[in-house]
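The basis for the numbers below is simple: all heavy atoms, side chains too, and nothing from hydrogens, waters or symmetry mates. A, B, ... follow the sequence lines: proteins, then strands. Residue 1 opens every chain.
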Number of protein chains: 2
Amino acid sequence: MPPLNRGRIVAAAIDLIEREGADAVSMRRIAADLEVGVMSLYNHVPNKSALLDAVSETILSEVEFTDDPAAPWTGRVRMQARAFRQIAHTHPRSTMVVVSRQLKSAAGMLPVERALSTLREAGFGEREAVQIFRVFIAYVIGSLLREVGVTPTFAPVHGAIRADDVDPELFPEIGALAPHLSACDHEAEFDFGLDLLIEAIAGRLAQRTT
Amino acid sequence: MPPLNRGRIVAAAIDLIEREGADAVSMRRIAADLEVGVMSLYNHVPNKSALLDAVSETILSEVEFTDDPAAPWTGRVRMQARAFRQIAHTHPRSTMVVVSRQLKSAAGMLPVERALSTLREAGFGEREAVQIFRVFIAYVIGSLLREVGVTPTFAPVHGAIRADDVDPELFPEIGALAPHLSACDHEAEFDFGLDLLIEAIAGRLAQRTT
DNA sequence: CCTCCCGTACGTACGCTGTACGTCTCGACA
DNA sequence: TGTCGAGACGTACAGCGTACGTACGGGAGG
């Protein structure tokens, strides 16, 4: 057994989250998985919050942001948004941990920097670029949370809404659309909204330069 | 002191969340606020999870969805989205609780029903209406979470990012745009993206009917 | 009026949590 | 060989959700 270190602790935490969900994470569980005393963890990690920060940072730094500065900006922001969505694939149950922690580190700011520079190079003004960036962030994070089931009320996916569950008198549309509401191709849905947004923003840019 | 009942417990929970945040919620704290033994709560609420469901439902049912069926659909979806965003104003620290709980009750499905019927009446197809609905939900929830500070990494608002905090070599855009990144008129930002989305969707509708 | 019964309030207790603190062991170096 | 520091670990404490047992108070039936 290799000596205990920060990397092994973070890896064990990510593994535990993916196996049993974020609620199952406790210092005792992680220590048990590593066959180590609980307090030994505190030699490498100051506290649980910092450990979750490290989890978030590690996952974020694994995202592959391959950006071609020569490509048109529309394709670049599409690629960046899709890269970010990969988190929901590679670490679905850690997604909420990643997006809910404030990271002032390089891993957290790199995606922001890339997105902003793409928008600035596309020709958007300072304030405009930030506004558009925020719109994309809102959409991407909202989509991720639906995909991983954090906001299930308005994302009735895994058979949660069935046609005979709802009163068709009170909720005729939900009843009628139940088949479409219960099925969800996350990638297609994500791309649908993403293209819609890009198209709208491209429209604004074109309209302004004329 | 009136007798203990479910309504008083839920009200105390909401009050506690708004005063000290969702992490401060515990059955013991709520009982103490009500000057009541801990286990007395369980005569009216089966467990903590059900209590949080009740909190979510109560807040959701307070949202005023005033919908004018005669108005154009663009205005109707704008009004519905804005009404939903009111949650962030009336109960900011409860927002995450509301959006993260699956409600199969009427309070949870009413907004869904309204939005879907609006889109259907606007002329969108079944699958299309659901897709568009999901895009709006993603954007609205993502915006709410940024506004209430649940996803702070990509929403550097309250002075979290200051120009001298970032290395301008590594993050030139963040440094240059720091003033715009630290300030955020949530209502204006929300409406900006909302109008962008509505405009894009209206374009799809017009393009299809021609 | 007396009695019984049930809903409500409450105390105790168990297993869980994060982590502060003290101790012990072991390898490196003077 | 003696010393020292770092890391592993045990114990302990306050707080958590809640299962269980108990006590009380008011309405229903005799």
- Message: If I take atom NZ in residue A/Lys48 and atom P in nucleotide C/dC16, what distance separates them, rounded to the nearest angstrom?
- Response: 15 Å
- Could you tell me the separation between the CE atom of B/Met39 and the C1' atom of C/dT8, rounded to a whole number of Å? 13 Å
- Establish, from distance only, whether the side-chain atoms of A/Gln131 and B/His180 form a donor-acceptor pair under 3.5 Å. no
- Message: Please determine whether a side-chain nitrogen or oxygen atom of B/His44 lies at a distance below 4.0 Å from atom OP1 or OP2 of C/dA9.
- Response: yes
- Any ion pair linking A/Asp68 and A/Arg76 (charged N to carboxylate O, less than 4.0 Å)? no
- Item | Integer-rounded Å distance: D/dG17 P and B/Asp23 CG | 12 Å
- Message: Between D/dG15 and B/Arg28, counting only base atoms on the nucleotide and side-chain atoms on the residue, is there a donor-acceptor pair under 3.5 Å?
- Response: no
- Message: Taking the minimum atom-to-atom distance to the side chain of A/Leu4, which one of C/dA9, D/dA8, D/dG17 wins?
- Response: D/dA8
- Item | A/Ala24 vs A/Pro46, nearer the 5' end of DNA chain C by closest nucleotide | A/Ala24
- Hey, does A/Val36 reach any base, or is it just sugar-phosphate, or nothing, if we go heavy atoms under 4.0 Å? sugar-phosphate
- Query: Nearest-Å distance, CD1 (A/Ile9) to C1' (C/dT19)?
  - Reply: 14 Å
- Presence of salt bridge, B/Arg78 and B/Asp191, under 4.0 angstrom: no
- Task: State plainly whether the residues A/Arg93 and A/Glu18 are in salt-bridge range, i.e. N to O under 4.0 Å.
- Result: no
- Hey, does the side chain of A/Ser40 come within less than 4.0 Å of D/dG7's phosphate (OP1/OP2), counting only N and O? no
- Item | Short side-chain N/O contact from A/Asn43 to OP1 or OP2 of D/dA8, under 4.0 Å | yes
- Task: Measure from CG on A/Asn5 to P on D/dA6 and round the result to the nearest Å.
- Result: 17 Å
- Task: Send over the distance from A/Leu34 CG to D/dA8 C1', rounded to a whole Å.
- Result: 13 Å
- Check whether the side chain of A/Arg29 and the base of C/dT17 form a donor-acceptor pair under 3.5 Å. no
- B/Arg8 CZ to C/dA9 C1', straight-line distance once rounded to whole Å: 13 Å
- Atom CZ of B/Arg6 to atom C1' of C/dT8: distance rounded to whole Å? 17 Å
- Query: Any salt bridge between B/Arg85 and B/Glu147, counting N to O under 4.0 Å?
  - Reply: yes
